[in-house]
2 protein chains.
Amino acid sequence: MLTRSATHAVRAMVALAGLEPGEYAQTARVADAAGVPRNYLSKILFQLARRGLVESQRGLGGGFRLARDASQISLYDVVDSVEDVARWNECAFGEKQCSDTQPCALHHRWGRVRDAYFGLLRNTFVGELIGNGSSVEIRDVGALNVQRRSL
Amino acid sequence: MLTRSATHAVRAMVALAGLEPGEYAQTARVADAAGVPRNYLSKILFQLARRGLVESQRGLGGGFRLARDASQISLYDVVDSVEDVARWNECAFGEKQCSDTQPCALHHRWGRVRDAYFGLLRNTFVGELIGNGSSVEIRDVGALNVQRRSL
DNA sequence: ATATATCAGGATATTTATATCCTATTATAG
DNA sequence: CTATAATAGGATATAAATATCCTGATATAT
């Protein structure tokens with residue numbers, strides 16, 4: 001299952017995908033759009049930035065935006081930024097020396113579940129999740145809307 | 001993913017499946033066989049008993065044993081005794097009103113992952129997990145081995 | 001330069017999962 | 001009846017996930 005942090009991260013990414021090209025959105029705006037607690041989201045956005053999925057800009061008119069096109073960012077990238085996806089590779093039965101060559105009684109069955117999950121993560125992209133009646137809509141409330149020189 | 005409690009529970013059930021018919025094993029013995037902390041396991045065994053998967057007997061010669069044949073106890077029963085399996089039904093995208101008729105953008109893809117997981121739980125039975133090179137082997141250390149009247 | 005907006009990130013709080021400890025209760029043996 | 005074995009289950013401790021709060025650093029506008 002996705003952790004709550006992972007869901008937050010995906011929703012934030014989808015919100016950012018709804019921005020005008022080049023536009024930045026502040027944490028608070030993303031938080032409102034994605035329905036995620038503001039201060040917690042700031043941690044998550046930081047992790048996404050560290051991973052290189054979003055870019056940040058400080059100061060007036062700054063905020064966050066996607067670092068590349070939403071169609072090029074998989075859920076795997078997003079989720080693995082905030083949780084250790086690799087733990088799905090651990091033995092479901094808790095056996096220390098479980099492996100393909102020395103499988104536990106659950107090994108192959110669990111492999112199918114993991115494949116389904118990894119398939120979802122690897123073959124789904126942020127760009128596919130926008131719109132669609134989703135509640136993740138980022139709207140510019142028009143509060144500031146500064147034009148930046150460097151754009 | 002299975003929680004650690006769930007893994008503990010499955011391992012304990014497999015250990016109990018290795019008992020002689022009618023025999024009880026004390027918590028400590030199950031804990032050693034399954035490699036689970038004793039006191040924590042006692043909580044888990046209690047939950048399994050509440051669910052009706054194991055029977056307990058207090059007093060000298062008592063302990064726990066399976067309440068029915070290991071081939072009739074699914075992993076779903078076991079896992080759902082110690083964690084809320086139903087949370088896999090919640091929307092992976094965190095949408096409040098996500099449903100089959102009003103699906104979020106992840107709804108159907110997530111459904112496939114859930115189906116794989118539920119399939120594993122529903123179609124795997126404790127009886128299938130015994131032996132097999134698993135480290136969960138319950139051995140009667142012969143410490144006591146009391147014969148009970150009521151058997 | 002100064003005021004303001006915004007992220008960066010440390011410190012802390014809350015909640016949940018995991019684990020330990022201890023006493024009460026129940027059963028058996030002698 | 002007494003001693004002993006074992007679960008029942010409350011109280012507490014630890015660890016990890018989630019969330020909040022606050023200050024410092026950095027960018028912009030005037």
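Computed over heavy atoms, backbone and side chain alike; hydrogens, waters and symmetry mates excluded. Since the structure is predicted, the reported quantities are computational estimates derived from the model, not experimental observations. Quick note on labels: first sequence line is chain A, next is B, and so on, each numbered from 1.
Taken residue by residue, residues 44-56 of chain B places no heavy atom nearer than 4.0 Å to DNA chain C.
Checked against D:dA6, C:dA11, D:dA19, the side chain of A:Pro37 finds its nearest nucleotide in D:dA19. Closest approach to the B:Lys43 side chain among D:dA6, C:dT6, C:dT20 is made by C:dT20 (side chain taken as heavy atoms from C-beta onward). Closest to the A:Leu60 side chain, of the nucleotides D:dG9, C:dA5, D:dC21, is C:dA5. Here D:dT7 is the nucleotide among D:dT7, D:dT20, C:dC21 with the atom lying nearest to any side-chain atom of B:Thr27. In the set D:dA29, D:dA27, C:dT20, the nucleotide with an atom closest to the side chain of B:Asn39 is C:dT20. The nucleotide whose nearest atom lies closest to any side-chain atom of A:Tyr40 is, among D:dT28, D:dA19, C:dA19, D:dA19.
Residues that satisfy the side-chain contact (heavy atoms from CB on, under 4.5 Å) test with B:Glu55, not counting sequence neighbours, are B:Arg65, B:Ala67. A search for ring-ring contact (aromatic ring centres under 6.0 Å, His included) contacts involving A:Phe64 returns nothing, not counting sequence neighbours.
Note on B:Ser42: every side-chain N or O is 4.0 Å or more away from OP1 and OP2 of D:dT7. Put simply, B:Arg4 has no side-chain N or O that comes within less than 4.0 Å of OP1 or OP2 on D:dA16.
Counting atom types as modelled, B:Arg58 pairs a side-chain N or O with a base atom of D:dT7 as donor and acceptor under 3.5 Å.
A donor and an acceptor atom, one from each side chain of B:Thr27 and B:Arg38, are nowhere located under 3.5 Å apart.
Salt bridge present: A:Asp77 and A:Arg68 bring a charged side-chain N and a carboxylate O closer than 4.0 Å. Between B:Arg11 and A:Glu95 there is a salt bridge, since at least one side-chain N of the basic residue sits less than 4.0 Å from a carboxylate O of the acidic one. A salt bridge does not link A:Arg4 with A:Glu83: every distance from a Lys NZ or Arg NE/NH1/NH2 to an Asp or Glu carboxylate oxygen is 4.0 Å or more.
Whole-Å rounding puts the A:Gln26 CD to D:dT28 C1' distance at 14 Å.
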